[in-house]
Each structure stands twice: as C-alpha cells, then as structure tokens.
Amino acid sequence: DSGVTQTPKHLITATGQRVTLRCSPRSGDLSVYWYQQSLDQGLQFLIHYYNGEERAKGNILERFSAQQFPDLHSELNLSSLELGDSALYFCASSTPGLTEAFFGQGTRLTVV
Amino acid sequence: AQSVAQPEDQVNVAEGNPLTVKCTYSVSGNPYLFWYVQYPNRGLQFLLKYITGDNLVKGSYGFEAEFNKSQTSFHLKKPSALVSDSALYFCAVRVTGGGNKLTFGTGTQLKVEL
C-alpha cells in the first residue's frame, strides 16, 4: 500500500457528462500529480500541484481541470466526456527532498 | 524535451534465469531515472531510482539497475527471476531543474514461466 488513496476505483458514465476523481496524498506529501494511462497514449502526465498551487501542466485537455485543497487532497474534474477519455487515471504524491513519487491504485473511467 | 524508450514490448524468461528489461533515455541535463512495476488492476509501485553516485543501484524485491551514461541506458536486472515477477515494468525519467514531471516509457510486459 503506497499510502495514496484514490476514489472511486471504477466509474462508468455517459458521453457529455462530468465526473470528479479524488486523491488523498500520503501523509506529509505536498505534491500531487495526475497521470492518464490509456492503451494508445501510454502513461501521460497531466498536471502537478504543490501545496495548493499549480506547478506544471502536461497534456491536459481544456475540458479537464484540477485543484488541490488546503488539506492537500486533490480533485481532477473531467467534463464533456468523450469515448476517448476512457482510461485509468492515476494520482501520485511526493514529499520535498524525495525524488520518487508514490502512486495510488487509480480510477478506471469508462465512458459509454 | 525528455523521452524514454523501452524497445521490448514483452520479455519472456524462465524461472531461475536472469532477466533484463531494457531502457534508454534522452534528456538535456542530468537525469533522475526510475523503475516502476504495475501488477494487474494495481497502481504503479516504485522499485528503484538512480540519482547520482554508483552506477549500479539496488531496489525492492531483488531488482537492480545499471546506469550507463555513455549509452544513455538504465536497464533493469534481476539475477534469478520468479514467476511472481510477471508484471508490466515502466522506466521513467525526470530532469533535474525541470520540474517534477515524470516521463514514462511505453512499458515492458515481463512473463516468467516455469
């Protein structure tokens, strides 16, 4: 168990809908990262937050947004969902001074 | 831009034999290199990392990796494979001073057979 908690584990929704994925980082970790894993794109970095502030953006669509709250948990919001958004979404966290990130078990999103 | 290549989609090895999973990288700057493993329906588990120092780094579950700067490689190795090592392995790179973004390879499926 990495200590990173993601909810829900599975999500099935229809095209055009909006969903929110939640991540609780390891205790003491200030950084939260979101990644998308799909068969055609592999593991892609989406966005990084550090202590509530956005630090870096990757291949994140405009329909997607994220935030990190004062208690350091983070949410990834996906809107106007398309079939191609079906993927495994991972959250990871890291602590200052440590270079590696620890991943949650992911949320599997299926858009039908 | 940074990139990672894992040239083999799948590696098959017999239990008890040594295994190698290959990884090469391309960065402008000093790399931080990582190996992660993913079991079915699970998240990525951190195995080991190279930051600086000894080119041979040891990690979890008996795995080790060798950093080779001239060949820009970071191959994952284990002297004696177990069936339970069968999983998807990812190599990743982060550039010092380039933020904390990890760039992953496409993954290598390791299959260890009896």
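Letters go in sequence order (proteins before strands), and every chain restarts at 1. Remember, it's a predicted structure, so these values are computed and weren't measured experimentally.
In summary, the side chains of Tyr33(A) and Ser94(A) do present a donor paired with an acceptor at a separation below 3.5 Å, with no hydrogens or angles considered.
Heavy atoms closer than 4.5 Å to chain B are found in the side chain of Gln37(A), but not in its backbone. Neither the backbone nor the side chain of Ala92(A) comes within contact range of chain B; no heavy atom of the residue lies under 4.5 Å from a heavy atom of that chain. Of the atoms belonging to Tyr35(A), it is side-chain heavy atoms, and not backbone ones, that fall under 4.5 Å from chain B. Using a 4.5 Å cut-off between heavy atoms, Thr99(A) touches chain B through backbone and side chain atoms alike. If you measure heavy-atom distances from Ile47(A) to chain B, you find no contacts under 4.5 Å at all.
Listed by first and then second residue, the disulfide (SG to SG under 2.5 Å) pairs that reach into residues 36-73 of chain B come to none, sequence neighbours excluded. Listed by first then second residue, pairs satisfying disulfide (SG to SG under 2.5 Å) with a partner in residues 35-83 of chain A number zero, not counting sequence neighbours. Among pairs with a residue in residues 58-101 of chain A, those fulfilling disulfide (SG to SG under 2.5 Å) read Cys23(A)-Cys91(A), at least two apart in sequence or across chains.
With Ser31(A) as the fixed residue, the side chain to side chain contact (heavy atoms under 4.5 Å, CB included) test singles out one of His48(A), Gln68(A), Arg55(A): His48(A). For the side chain to side chain contact (heavy atoms under 4.5 Å, CB included) criterion with Phe34(B), the lone passing option out of Leu102(B), Leu44(B), Val4(B) is Leu102(B). With respect to Leu78(A), the side chain to side chain contact (heavy atoms under 4.5 Å, CB included) criterion is satisfied by exactly one of Leu21(A), Leu61(A), Thr20(A): Leu21(A).
Across Glu100(A), Gln6(A), Gln105(A), the residue that shares the most heavy-atom pairs under 4.5 angstrom with chain B is Glu100(A).
Using a 30° and 60° split on the angle between ring planes, Tyr50(B) and Phe67(B) fall in the parallel class, below 30°. Using the six-membered ring where Trp is involved, Tyr89(B) and Phe63(B) have ring planes that are tilted, between 30° and 60° apart.
For residues 51-61 of chain B, a heavy-atom distance under 4.5 Å to chain A picks out Ile51(B), given by residue number.
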